[in-house]
Amino acid sequence: MIKKNHVSVDDKIITDAGFHLNENQQVKIDETVLHYEEYIYIILNKPAGYITATNDNSSKTVMDLIDEKRSDLSIVGRLDKDTEGLLLITNNGKLNHNMLSPSKHVDKTYYVICENKLSDDDINRLCHGIDIGDDTPTLEAKCIRYEQGILLTIHEGRYHQIKRMMEAINNRVIYLKRLTFGPLKLDESIKTGSSRRLTNEEIGLIKKYM
Ligand code: URA
């Protein structure tokens with residue numbers, strides 16, 4: 001944009017990409033004034049087929065799905081390549097750290113469809129903590145039947161946790177979508193593969209992690 005003479009500083013077109021800006025100067029792209037935003041918060045409805053990484057040599061990443069190209073963005077937690085649903089992307093490192101901290105027990109609700117029908121006993125076992133091969137069993141979880149599957153709310157975020165919980169009851173996940181992350185909900189307006197900025201109201205809901 002600088003090379004094409006679209007950028008001005010204090011109404012003077014600049015041509016040097018190494019131009020140093022000071023805080024009080026006004027930057028415009030053509031006639032649009034740019035405003036510096038310290039923190040940004042993006043909610044993405046991740047489709048299957050994308051990996052949760054900021055860059056990768058061989059796979060499409062979730063960053064390919066968002067318009068923001070800031071280099072300081074990072075993804076809060078991860079979803080497997082074949083998992084869909086709510087992902088939060090931000091440059092607020094403190095929030096990222098706190099929302100993932102095991103001590104904060106941020107709830108996450110997943111819609112899970114399994115290969116085999118779940119019995120009442122299976123649901124009971126998922127709710128009461130289950131051995132998935134770690135040092136300790138999973139924490140208590142909430143589990144209710146929903147459409148063709150279940151809604152499973154966990155209070156921790158271990159590696160491949162939902163898949164391993166299903167394996168522990170001799171079942172297998174065939175569809176997985178995250179619907180909530182702490183106080184944030186994936187609303188129907190965010191189609192699979194699209195994203196938007198968090199609203200001020202949503203930012204208010206996650207303030208306690210900042
Ligand atoms: N649990 C899983 O097994 N996979 C995910 O992507 C998220 C939670």
Side-chain angles (χ1 to χ4, degrees), residues 42-56 58-66 73-90 95-118 122-187 190-195 206 209:
I42 297 165
I43 184 170
L44 168 72
N45 186 351
K46 177 192 175 295
Y50 287 76
I51 63 164
T52 307
T54 42
N55 55 55
D56 191 85
S58 49
S59 295
K60 293 177 288 186
T61 78
V62 294
M63 296 315 238
D64 297 331
L65 294 163
I66 61 170
L73 288 175
S74 54
I75 308 156
V76 188
R78 68 185 298 279
L79 294 176
D80 297 336
K81 188 171 180 182
D82 54 354
T83 302
E84 295 183 4
L86 195 165
L87 259 189
L88 180 63
I89 298 169
T90 181
L95 173 96
N96 193 331
H97 175 84
N98 284 335
M99 286 194 85
L100 295 181
S101 162
S103 65
K104 300 278 193 293
H105 297 298
V106 173
D107 287 359
K108 297 143 198 108
T109 300
Y110 292 86
Y111 175 46
V112 193
I113 303 180
C114 298
E115 190 167 57
N116 306 311
K117 196 172 179 304
L118 291 164
D122 290 332
I123 293 201
N124 227 358
R125 290 179 63 200
L126 293 170
C127 289
H128 288 102
I130 195 163
D131 179 3
I132 58 169
D134 292 342
D135 294 344
T136 53
T138 57
L139 294 177
E140 296 214 339
K142 266 191 233 140
C143 184
I144 53 164
R145 291 185 193 279
Y146 180 73
E147 295 182 350
Q148 298 129 274
I150 52 168
L151 294 180
L152 184 55
T153 303
I154 55 175
H155 312 295
E156 51 194 337
R158 302 189 198 182
Y159 183 64
H160 287 168
Q161 182 162 345
I162 304 285
K163 288 176 183 162
R164 292 198 289 146
M165 286 171 84
M166 294 306 151
E167 279 160 18
I169 53 166
N170 299 315
N171 212 325
R172 195 173 71 89
V173 170
I174 55 171
Y175 178 78
L176 187 58
K177 179 172 189 167
R178 183 155 70 186
L179 303 179
T180 73
F181 183 40
L184 301 176
K185 293 188 174 51
L186 190 67
D187 69 62
I190 316 173
K191 300 274 168 270
T192 307
S194 56
S195 63
I206 54 171
Y209 300 108

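Counting convention: from 1, in listed order, for ligands and their atoms alike.
- Between the side chain of Glu156 and the main chain of Leu139, a donor-acceptor pair closer than 3.5 Å is present.
- Residue pairs meeting the salt bridge (Lys or Arg N to Asp or Glu O under 4.0 Å) criterion with at least one partner in residues 100-115, sequence neighbours excluded, are Glu115-Arg172.
- Contacts of ligand 1 (protein heavy-atom distance under 4.0 Å) are Leu79, Asp80, Thr83, Tyr110, His160, Gln161, Ile162, Lys163, Leu176.
- Leu79 approaches Thr52 most closely through the heavy-atom pair O-OG1, 2.7 Å.
- With sequence neighbours excluded, no residue forms a side-chain contact (heavy atoms from CB on, under 4.5 Å) with His97.
- Scanning for side-chain hydrogen bond (donor to acceptor under 3.5 Å, both in side chains) contacts around Thr61 gives an empty result, with sequence neighbours left out.
- Between Lys81 and Asp56 there is no salt bridge, since none of the side-chain N atoms of the basic residue sits less than 4.0 Å from a carboxylate O of the acidic one.
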